[in-house]
Visitor: 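What follows is a structure written as structure tokens; I'll ask about it next.
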Amino acid sequence: MAVEMLYFAWVRERVGTGSELVDVPGEIDTVAALLDWLARRSERHAAAFADRGRLRAAIDQHFVPLDTPLGRAREVAIFPPVTGG
Amino acid sequence: MITVSPAPIDVAAELDALEAGVGAVASFTGLVRGDDGVTELELEHYPGATESALEQLAAEAEARWNLSAVRIVHRVGPMTPGERIVFVGTASAHRGAALEACAFLIDRLKTDAPFWKRETRGGTTTWVEPRGTDDLAAARWRR
């Protein structure tokens, strides 16, 4: 399944890119599993995703907990807690 | 109405637009603080999702209070101390709805809209950490 990954703030800096297209194997079923899978692929991803308590996610621009099923996700964003306003 | 843009915020123009034909206007303006020698603040956002989150907050406010207009303007990109980051304005027939809706919008914007602040002090930049008090402020509006 082709998924566009988006990264923001320090997650973007640690991964080293703001976006990447990844081909996610069928057995990867949640956002958390997707992070595990990406972390196994590179040290930069592993460093960015090490502290799960500081990560937030969105599937197709809707904010979701990390244990949310991916379903037919086309865009998954990973970012720190927000600090606007 | 929502605007997310790198352009400076014209508060006078925003208030003028809100004042057309109403009894009460409330507003909040957030400014860049120069705390601890901050020389620059940069705002990053999630294009598309940010606007949707703000539209949803505006719709929630309009469902909860009797408002004739809602305006949220959030600046993105680099800015310096003293510059305006955010403007929230609400218009209603009476002050109660306008004041409460304005407080609701800025409290919830802080926790629900995907923006990230990065401060520059001297030569070093750091990402701003979220504050627990912001979560508490947003939580008081949940019911």
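The structure displayed is predicted, hence computed values, not measured ones. We name chains A, B, ... by the order of the sequence lines, and we start the count at 1 in each one.
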Visitor: Chain A: which of B:H74, B:E42, B:R131 shares the most heavy-atom pairs with it under 4.5 Å?
Guide: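 Most heavy-atom pairs under 4.5 Å with chain A: B:H74.
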Visitor: For each of A:P81, A:A77, A:P80, tally heavy-atom pairs with chain B at distances under 4.5 Å, and name the one with the top tally.
Guide: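 Highest number of pairs under 4.5 Å: A:P80.
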Visitor: If I measure from the heavy atoms of chain B, does A:A58 come under 4.5 Å with its side chain, its backbone, both, or neither?
Guide: side chain
Visitor: Measuring from atom NE2 of B:H45 to atom CZ of B:R75, what distance do you get when rounded to the nearest 0.5 angstrom?
Guide: 13.5 Å
Visitor: What part of B:E129 lies closer than 4.5 angstrom to a heavy atom of chain A: side chain, backbone, both or neither?
Guide: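 Backbone plus side chain of B:E129, per the 4.5 Å heavy-atom cut-off to chain A.
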Visitor: Pick one of side chain, backbone, both or neither for A:R56, based on which atoms fall under 4.5 Å of a heavy atom in chain B.
Guide: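 Contact with chain B: none, neither part.
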Visitor: Please work out whether the ring planes of A:Y7 and A:H45 are parallel, tilted or perpendicular, with thresholds of 30° and 60°.
Guide: perpendicular
Visitor: Please check if the number of heavy atoms outside B:E40 that lie under 6.0 Å from its CD is greater than 12.
Guide: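 Correct, the count exceeds 12.
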Visitor: Would you please classify the geometry between the B:W141 ring and the B:F104 ring as parallel, tilted or perpendicular, with 30° and 60° separating the classes?
Guide: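 It falls in the perpendicular class, over 60°.
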Visitor: At a 4.5 Å cut-off on heavy atoms, which part of A:F63 comes close to chain B: side chain, backbone, both, or neither?
Guide: side chain
Visitor: Please state whether the side chain, the backbone, both or neither of B:D112 comes within less than 4.5 Å of a heavy atom of chain A.
Guide: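 It is the backbone, since no side chain atom gets that close.
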Visitor: Side chain to side chain contact (heavy atoms under 4.5 Å, CB included) for A:V31 and A:I78? Distances and angles first, verdict last.
Guide: CA-CA 9 Å; A:V31 175; A:I78 306 297; 4.1 Å; yes
Visitor: Would you find more than 12 non-hydrogen atoms of other residues, nucleotides or ligands less than 6.0 Å from A:R54 atom CZ?
Guide: yes
Visitor: For chain A, which candidate among B:P130, B:S52, B:A53 shows the most heavy-atom pairs at distances under 4.5 Å?
Guide: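 So the answer, after comparing B:P130, B:S52, B:A53, is B:P130.
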